[in-house]
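In what follows, a structure is listed as structure tokens, so that the remarks can point back to it.
Proteins come first, then strands; the chains are lettered A, B, ... in the order of their sequence lines, and each starts at number 1. Remember, predicted model here, so these are calculated numbers, not experimental data.
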Protein chains: 2
Amino acid sequence: MTSTDPPPRHTRQRAAVSAIMTTLDEFRTAQDVHAELRQRGEAIGLATVYRTLARMAADGEVDSIRTPEGVAAYRRCSAGHHHHLVCRECGRTVEITPPDLEAWTEQVGREFGFTHLDHELELFGRCPDCG
Amino acid sequence: MTSTDPPPRHTRQRAAVSAIMTTLDEFRTAQDVHAELRQRGEAIGLATVYRTLARMAADGEVDSIRTPEGVAAYRRCSAGHHHHLVCRECGRTVEITPPDLEAWTEQVGREFGFTHLDHELELFGRCPDCG
DNA sequence: ATTGTCATGAGAACCATTATCAAGTAGCGG
DNA sequence: CCGCTACTTGATAATGGTTCTCATGACAAT
Ligand SMILES: [Mn+2]
Ligand SMILES: [Mn+2]
Ligand SMILES: [Zn+2]
Ligand SMILES: [Zn+2]
């Protein structure tokens, strides 16, 4: 359980992905990130972007959600657990913290005998700029 | 905006999907439903199952969620808006209603100027039977 | 029964994601 | 530095869920 995975190696590709994620304020798919990196002249493979984002998410360096269409999207993550209000049009995101959700999840889990609880909450809408 | 879509026609295939959904207590994917129908001797195409479930979901006859892996799953739906606690192993489901979530969603939307709000909340865990 | 419209389904197409695996490279010990 | 080894990369193929195509069949209103 305390198995320590080796830390990721520092490569040009990983640095590029990490860098671009700090500049983006919206949830972006792996394909989006790959296209944007290419746009900026970075030489990087699509598979590498997928792998890097998946690993960064596993390591807590970025948040990952699934859009209502089922595709994975990533965004740089502020410290601590939180949820999101996401614009369906442009991906603009606001971090939110619903009161009592964590405690309520635990309570409901106990009530029905469920263990290994996790919860997913995202709000979707249209932001002011997208009318 | 008040456009009335023509009601679905009554066909053997639609009846079969509708019938099986009333007997299932767990979220099932379109592929699951198709396999189960074939098992029971029903002649029905996979595309038809996909179309029928999508339409039933749009018409509010079944609930649809996406598993953490991103695949769509369907389940017969009790009246009224609600959310779910789903067993990751067997799909067993409990309907839940978090207090104040609807009102909180509206409040957060107003606060940030988002419109056309929607929210997605699902709890996942392991049910008593699945240890 | 006629007829216009909608539903069906086998297979192809689509598309996000993951697997392959040979070639490259980071990082460590010497 | 050097060299070794394990990790990373990326072009490409493979996977798998979902949707599209379109010819054929079935519903239902007249
Ligand atoms: Mn939370
Ligand atoms: Mn709700
Ligand atoms: Zn927007
Ligand atoms: Zn279970």
Side-chain angles (χ1 to χ4, degrees), chain A residues 3-21 26-59 61-75 86 88 91, chain B residues 3-21 27-59 61-75 88 91:
Chain A
S3 65
T4 300
D5 292 335
R9 288 185 178 174
H10 182 257
T11 66
R12 170 181 55 80
Q13 293 89 340
R14 167 165 269 265
V17 172
S18 190
I20 201 175
M21 291 309 286
E26 312 88 26
F27 274 97
R28 292 277 113 106
T29 68
Q31 310 242 13
D32 288 342
V33 171
H34 179 245
E36 182 63 25
L37 285 172
R38 285 294 183 84
Q39 196 80 30
R40 301 188 185 188
E42 284 288 338
I44 186 171
L46 178 58
T48 298
V49 175
Y50 270 100
R51 277 186 300 238
T52 303
L53 287 174
R55 172 117 195 219
M56 289 176 70
D59 292 347
E61 298 175 35
V62 295
D63 284 346
S64 73
I65 64 174
R66 265 180 205 279
T67 69
E69 294 74 38
V71 314
Y74 302 87
R75 180 179 180 270
V86 185
R88 268 185 290 261
Chain B
S3 65
T4 300
D5 292 335
R9 289 185 177 175
H10 181 256
T11 67
R12 169 180 57 80
Q13 293 88 342
R14 169 166 266 265
V17 172
S18 189
I20 202 175
M21 291 308 287
F27 273 96
R28 291 277 115 104
T29 68
Q31 310 238 15
D32 288 341
V33 171
H34 180 246
E36 182 63 26
L37 285 171
R38 284 294 182 84
Q39 195 80 30
R40 301 188 185 188
E42 284 289 338
I44 186 171
L46 178 57
T48 298
V49 174
Y50 270 100
R51 277 186 300 237
T52 302
L53 287 174
R55 173 118 195 218
M56 289 176 70
D59 293 347
E61 298 175 36
V62 296
D63 285 345
S64 74
I65 64 175
R66 269 181 202 277
T67 68
E69 293 75 37
V71 314
Y74 302 88
R75 179 178 181 269
R88 269 186 290 261

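Considering only residues two or more places apart in sequence or on other chains, A/R88 meets the salt bridge (Lys or Arg N to Asp or Glu O under 4.0 Å) condition with none of them. Remark: A/D63 engages A/H82, A/H84 in a side chain to side chain donor-acceptor pair (under 3.5 Å) (not counting sequence neighbours). Partners of B/R28 by side chain to side chain donor-acceptor pair (under 3.5 Å), not counting sequence neighbours, listed by chain and number: B/E26. For the side chain to side chain donor-acceptor pair (under 3.5 Å) test, residues two or more places apart in sequence or in another chain that qualify with B/E69 are B/T67. In this structure, B/R66 has no side chain to side chain donor-acceptor pair (under 3.5 Å) partners at least two apart in sequence or on a different chain. B/R38 pairs by the salt bridge (Lys or Arg N to Asp or Glu O under 4.0 Å) definition with nothing, not counting sequence neighbours. In this structure B/A47 satisfies the side-chain contact (heavy atoms from CB on, under 4.5 Å) test together with B/R51, sequence neighbours excluded.
A heavy atom lying under 4.0 Å from DNA chain D marks the following residues of residues 7-18 of chain B, by number: B/R9, B/H10.
The footprint of chain B on DNA chain D, defined by a heavy-atom cutoff below 4.0 Å, extends from D/dG17 to D/dA28.
In this structure, CD1 of A/I44 is placed 14 Å from P of C/dT25, rounded to the nearest angstrom.
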Expected list for residues 10-20 of chain A: side-chain donor-acceptor pairs under 3.5 angstrom, two or more places apart:
from  : atom 1 : to    : atom 2 : distance (Å)
A/T11 : OG1    : A/R14 : N      : 3.1
A/R12 : NH1    : A/A43 : O      : 2.7

Start with the C-alpha gap between B/M56 and B/Y74, add the side-chain angles, then the distance that decides, and say whether side chain to side chain contact (heavy atoms under 4.5 Å, CB included) holds. CA-CA 9 Å; B/M56 289 176 70; B/Y74 302 88; over 6 Å; no
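Computed from C1' positions of five pairs at each end, the angle between the two local axes of the helix from C/dA1-D/dT30 to C/dG30-D/dC1 equals 40°, rounded to 10 degrees.
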Dump the pairs, protein N or O against N or O of nucleotides 14-20 of chain C, anything under 3.5 Å, distances to one decimal.
from   : atom 1 : to    : atom 2 : distance (Å)
C/dT17 : OP1    : A/A72 : N      : 2.8
C/dT17 : OP2    : A/Y50 : OH     : 2.9

